[in-house]
**Student:** 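Quick one: structure below, then a few questions.
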Amino acid sequence: MSAKQEDIFKQVISHCKEYGFIFQSSEIYDGLSAVYDYGQTGAVLKKNIRDYWWKAMVQMHDNIAGIDTAIFMHPTTWKASGHVDAFNDPLIDNKDSKKRYRADVLIEDHMARIEEKINKEVEKASKKFSPFDEAMFRSTNGRVKEYQAKIDEIKDRFSKALNDGDLNEVRQIIVDEEIVCPISGSRNWTDVRQFNLMFSTSMGSVSEEASTIYLRPETAQGIFVNFLNVQKTGRMKIPFGIAQTGKAFRNEIVARQFIFRMREFEQMEMQFFVRPGTEMQWYEHWKTARLNWHRSLGLGHEKYRFHDHIKLAHYANAACDIEFQFPFGFKELEGIHSRTDFDLKQHEQFSGKKLQYFDSELNQSYVPYVVETSVGLDRLFLAVLSSSLKEEVLEGGDTRTVLSLPPAIAPYKAAIFPLVKKDGLPELAQKIFNDLRFDFDMTYDEKDTVGKRYRRQDAIGTPFCITVDHQSLEDQSVTIRHRDTMQQDRVAISGLHSLLNKKTGIAGLLRSLA
RNA sequence: GCGGAAGUAGCUCAAUUGGUAGAGCUCCAGCCUUCCAAGCUGGAGGUUGCGGGUUCGAGACCCGUCUUCCGCUCCA
């Protein structure tokens with residue numbers, strides 16, 4: 001990151017705090033690493049972004065159903081999904097090379113090297129003796145027997161240690177076997193630590209009955225386990241989607257870059273169920289559709305790009321990210337994955353329940369293929385905020401800080417000011433405010449000079465400021481000031497509602513997608 | 001996790017070789033004000049991130065710890 005980018009990023013972070021968008025969690029207790037709270041302006045902005053996503057995905061699609069599943073799920077869910085195995089690595093660091101290894105991999109590599117020695121002995125012997133009885137050689141040769149015994153011993157110790165969850169024993173094996181770091185060649189090891197990316201807690205009132213359950217590391221599984229419920233009760237026909245937004249939790253080893261990588265974060269995701277064989281066509285469809293959705297926010301087309309995954313996850317046959325140009329470079333904003341039938345098949349296997357769809361056109365049942373779109377809401381929030389924050393130099397050399405948020409998602413749609421705090425102007429301003437707040441997020445301010453109030457609203461991204469002046473009392477008109485241009489128009493009070501609706505409504509954005 | 005930098009009022013920053021913690025902005029109450037942060041009066045806000053240590057005396061020096069940012073590492 002360049003010094004300038006770093007500067008911009010720091011400005012974004014401090015702006016977030018100063019204007020009530022984001023606070024560090026439990027700040028009075030020194031905070032909690034990589035956990036953040038949304039403040040009074042941030043909560044509304046976040047909610048508006050979520051609403052826009054929901055409306056675009058659920059409200060505007062006949063064939064996408066929206067649900068809201070629990071954070072807690074049956075523990076077997078995570079065995080089926082692969083998270084228990086994939087996210088449960090014992091790790092060890094070499095203090096000299098500063099390299100981190102999976103302890104089980106170190107030990108397995110070590111055993112493989114001994115195995116290699118046996119193979120060499122066998123190879124040597126096979127050249128020496130003819131005819132050569134390999135089985136006989138293996139069971140009688142002293143050196144080979146010694147090596148084999150060693151392997152068996154390590155294997156026994158290792159599997160026992162893993163089963164007991166005895167990490168000290170795992171480390172002891174590495175020490176006893178004099179396993180060295182491939183980089184530094186030293187045996188200067190740290191303790192073995194278990195890094196499980198899933199947070200766990202226990203369920204059940206009595207400790208003996210308690211069972212370990214996990215906070216979901218992704219929201220997707222809540223959709224997969226409800227696939228048939230939604231399909232049957234919603235009478236959904238393939239292709240169809242199920243969407244939801246919600247919190248997910250990952251105990252990241254390093255969580256950094258403000259709200260970009262948090263331990264508790266919110267996903268907005270949709271799983272689209274399709275006929276096997278059509279998944280690539282739908283994958284392409286959603287790539288385009290999702291990119292268009294992002295671009296509709298007007299942050300700049302050049303800020304987005306696709307990044308195709310070369311190395312695919314175990315469940316996917318195609319995957320890409322939509323990346324956004326954050327202050328710290330292009331980073332993942334949304335993932336689009338063709339997940340095949342992996343998840344549903346896994347759940348079929350672990351639950352013993354059929355998760356199939358009867359396709360009346362083909363007159364057959366099958367496990368559908370899945371195309372997933374998954375956005376990080378917090379990342380999107382950061383994308384919107386960091387690209388909206390600007391320092392402008394005005395004529396005369398003054399600067400102003402303006403947050404040019406897309407009006408449809410701004411925390412406040414408009415602010416109402418009486419030009420001065422007397423002559424009945426506050427009363428009229430209040431009346432307008434009370435009238436408009438039924439339909440719009442509004443704010444009212446009569447403190448300080450009107451110029452100062454304009455700047456305050458600029459900083460939190462309010463697209464319009466409506467000022468009541470003396471002329472308003474005579475002809476029922478007000479001035480409306482545009483955030484981005486600072487231009488003012490005189491409009492009738494009676495026209496404010498439709499004006500705000502047109503300029504700040506989500507419907508305008510949704511129409512642009514069609 | 002390793003290495004680097006930093007942490008003083010809501011924000012930006014001061015505080016001489018260790019010697020009474022300050023300013024501007026913000027905020028609050030009031031006055032004045034006919035449209036882009038700049039007038040007047042008064043007020044609030046700090047165990048200097050936290051805990052130890054050295055010292056007659058620590059915001060400053062030492063140790064530990066927490067948090068943030070950067071690099072490495074990790075990231076279905």
Side-chain angles (χ1 to χ4, degrees), chain A residues 1-3 5-7 9-11 13-15 17-20 23-36 39 78 81-89 91-102 190-191 193 195 197-198 217-218 220-221 248 250-258 260-261 309 311-316 319 327-328 331-332 335 337 339 342-343 374 392 394-396 398-402 417-423 425 447-459 465-472 478-481 483 486-488 490:
Chain A
M1 194 186 320
S2 73
Q5 285 178 317
E6 200 174 315
D7 239 39
F9 190 38
K10 281 191 170 152
Q11 261 172 33
I13 294 169
S14 76
H15 194 87
K17 186 185 176 190
E18 187 165 2
Y19 292 96
F23 307 119
Q24 200 183 358
S25 165
S26 343
E27 194 186 358
I28 60 168
Y29 292 108
D30 280 339
L32 186 62
S33 181
V35 184
Y36 292 89
W78 307 113
S81 69
H83 286 85
V84 170
D85 293 331
F87 284 175
N88 225 338
D89 304 331
L91 299 179
I92 190 166
D93 288 10
N94 182 270
K95 289 178 186 169
D96 297 312
S97 66
K98 314 288 186 203
K99 289 287 170 190
R100 170 169 297 161
Y101 301 92
R102 279 176 54 175
T190 62
D191 287 344
R193 285 168 310 245
F195 282 104
L197 228 50
M198 287 195 289
E218 64 174 22
Q221 300 305 325
R250 289 179 203 178
N251 196 4
E252 301 279 357
I253 299 166
V254 240
R256 283 246 198 87
Q257 286 168 314
F258 196 37
F260 184 80
R261 180 167 291 136
H309 289 201
K311 184 168 167 264
L312 295 172
H314 58 277
Y315 55 71
F328 40 85
K331 298 277 178 181
E332 178 184 358
H337 299 177
R339 292 182 78 127
F342 176 85
D343 299 276
S374 177
E392 274 185 8
L394 304 175
E395 285 175 49
D398 273 4
T399 62
R400 70 160 182 157
T401 303
V402 57
F417 307 146
L419 185 58
V420 292
K421 213 174 7 175
K422 60 178 187 185
D423 304 335
L425 299 188
K447 174 85 183 157
D448 299 313
T449 66
V450 73
K452 209 169 205 172
R453 286 177 262 163
Y454 286 146
R455 299 301 174 82
R456 272 204 284 265
Q457 296 305 319
D458 287 342
C465 292
I466 295 163
T467 302
V468 173
D469 57 18
H470 291 90
Q471 189 184 331
S472 306
V478 290
T479 63
I480 186 160
R481 179 254 195 195
R483 175 194 63 201
M486 298 170 71
Q487 299 266 317
Q488 292 183 67
R490 189 137 206 119

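Just so you know, these numbers use all the heavy atoms, side chains as well, and skip hydrogens, waters and symmetry mates. Computed from a predicted structure; not experimentally measured.
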**Student:** With heavy atoms under 4.0 Å as the rule, sort A:Ser81 into base, sugar-phosphate or nothing.
**Tutor:** nothing
**Student:** Could you tell me whether the phosphate oxygens of B:U33, OP1 or OP2, come under 4.0 Å of any side-chain nitrogen or oxygen in A:Lys421?
**Tutor:** no
**Student:** Between B:C35, B:C27, B:C70, which nucleotide gets closest to the side-chain atoms of A:Thr467?
**Tutor:** B:C35
**Student:** Any strand is fair game: report the nucleotide pairing with B:A37 by Watson-Crick or G-U wobble, both distances under 3.5 Å, or none.
**Tutor:** none
**Student:** Quick check on RNA chain B: between A:Arg339 and A:Gln24, whose nearest nucleotide comes earlier from the 5' end?
**Tutor:** A:Gln24
**Student:** Taking only the P atom of each, what is the distance from B:U8 to B:G49 in whole angstrom?
**Tutor:** 6 Å
**Student:** If pairing requires Watson-Crick or G-U wobble contacts with both distances under 3.5 Å, which nucleotide is the partner of B:C2?
**Tutor:** B:G71
**Student:** Roughly how far apart, to the nearest Å, are B:C27 and B:G10 at atom P?
**Tutor:** 14 Å
**Student:** Would you mind telling me which residue lines up with the more 5' stretch of RNA chain B, A:Arg490 or A:Lys447, judged by nearest nucleotide?
**Tutor:** A:Lys447
**Student:** Given the structure, check if the side chain of A:Thr479 and the base of B:C35 hold any donor-acceptor pair shorter than 3.5 Å.
**Tutor:** yes
**Student:** Please measure how far the C1' atom in B:A37 lies from the corresponding atom in B:U55, and state the result in whole Å.
**Tutor:** 48 Å
**Student:** Across the strands shown, which category fits A:Glu218 at heavy-atom distances under 4.0 angstrom: base, sugar-phosphate, nothing?
**Tutor:** base
**Student:** Please report the distance separating the C1' of B:C11 from the corresponding atom of B:G18, rounded so that it comes out in whole Å.
**Tutor:** 29 Å
**Student:** Does B:G59 pair with anything, Watson-Crick or G-U wobble, both distances under 3.5 Å, and if so, with which nucleotide?
**Tutor:** none
**Student:** Check step by step if side-chain contact (heavy atoms from CB on, under 4.5 Å) holds for A:Tyr454 and A:Met486.
**Tutor:** CA-CA 9 Å; A:Tyr454 286 146; A:Met486 298 170 71; over 6 Å; no
**Student:** Are any side-chain N or O atoms of A:Asp469 and backbone N or O atoms of A:Gln471, one a donor and one an acceptor, separated by less than 3.5 Å?
**Tutor:** yes
**Student:** Between protein and nucleic acid, restricted to nucleotides 37-43 of chain B and to nitrogen or oxygen atoms under 3.5 Å apart, what atom pairs and distances do you find?
**Tutor:**
unit_1 : atom_1 : unit_2   : atom_2 : d
B:A37  : OP2    : A:Asp398 : OD2    : 3.1
B:A37  : OP2    : A:Arg455 : NH2    : 3.2
B:A37  : N7     : A:Arg455 : NH1    : 2.7
B:A38  : N6     : A:Asp398 : OD1    : 2.8
B:A38  : N6     : A:Asp398 : OD2    : 3.3

**Student:** Among B:C35, B:C75, B:C69, find the nucleotide with the atom closest to the side chain of A:Phe258.
**Tutor:** B:C69
**Student:** Taking atom C1' in both B:C74 and B:U16, compute the distance separating them and give it to the nearest angstrom.
**Tutor:** 47 Å
**Student:** Can you tell me how far P of B:C36 sits from CZ of A:Arg481, to the nearest Å?
**Tutor:** 10 Å
**Student:** What's the closest nucleotide to the side chain of A:Val420 if the choices are B:U33, B:C69, B:C70?
**Tutor:** B:U33
**Student:** Whole-Å distance between B:C70 P and A:Phe328 CZ?
**Tutor:** 8 Å
**Student:** Could you please name the option among B:U34, B:G10, B:C36 that lies closest to any side-chain atom of A:Met486?
**Tutor:** B:C36
**Student:** Please confirm whether the shortest side-chain N or O distance from A:Lys422 to OP1 or OP2 of B:U33 is below 4.0 Å.
**Tutor:** yes
**Student:** Let me know the distance between CD1 of A:Ile480 and P of B:C36, rounded to the nearest Å.
**Tutor:** 18 Å
**Student:** Return the pairing partner of B:U65 with a 3.5 Å limit on both distances, Watson-Crick or G-U wobble; otherwise return none.
**Tutor:** B:G49
**Student:** Report the distance from atom CZ of A:Arg456 to atom C1' of B:C35, rounded to the nearest whole Å.
**Tutor:** 15 Å
**Student:** Phosphate oxygens OP1/OP2 of B:U34: is one of them under 4.0 Å from a side-chain N or O of A:Gln471?
**Tutor:** no
**Student:** What's the CG-C1' distance between A:Asp423 and B:C35, to the nearest Å?
**Tutor:** 15 Å
**Student:** Is there a side-chain contact (heavy atoms from CB on, under 4.5 Å) between A:Ser472 and A:Arg490 once you walk through the steps?
**Tutor:** CA-CA 10 Å; A:Ser472 306; A:Arg490 189 137 206 119; 3.8 Å; yes
**Student:** Which of the following nucleotides, B:C69, B:U68, B:C11, is nearest to the side chain of A:Ser33?
**Tutor:** B:U68
**Student:** Over all strands shown, is A:Gln488 touching base, sugar-phosphate only, or nothing at heavy-atom distances under 4.0 angstrom?
**Tutor:** base
**Student:** What is the base-pairing partner of B:C27, counting Watson-Crick and G-U wobble geometry with both distances under 3.5 Å?
**Tutor:** B:G43
**Student:** Any strand counts, and the cut-off is 3.5 Å on both contacts for Watson-Crick or G-U wobble. Which nucleotide pairs with B:A21?
**Tutor:** none
**Student:** Considering only atom P, compute the distance from B:A5 to B:G64 and round it to an integer number of Å.
**Tutor:** 14 Å
**Student:** Just the atom pairs and distances: protein N or O near nucleotides 45-48 of chain B's N or O, under 3.5 Å.
**Tutor:**
none

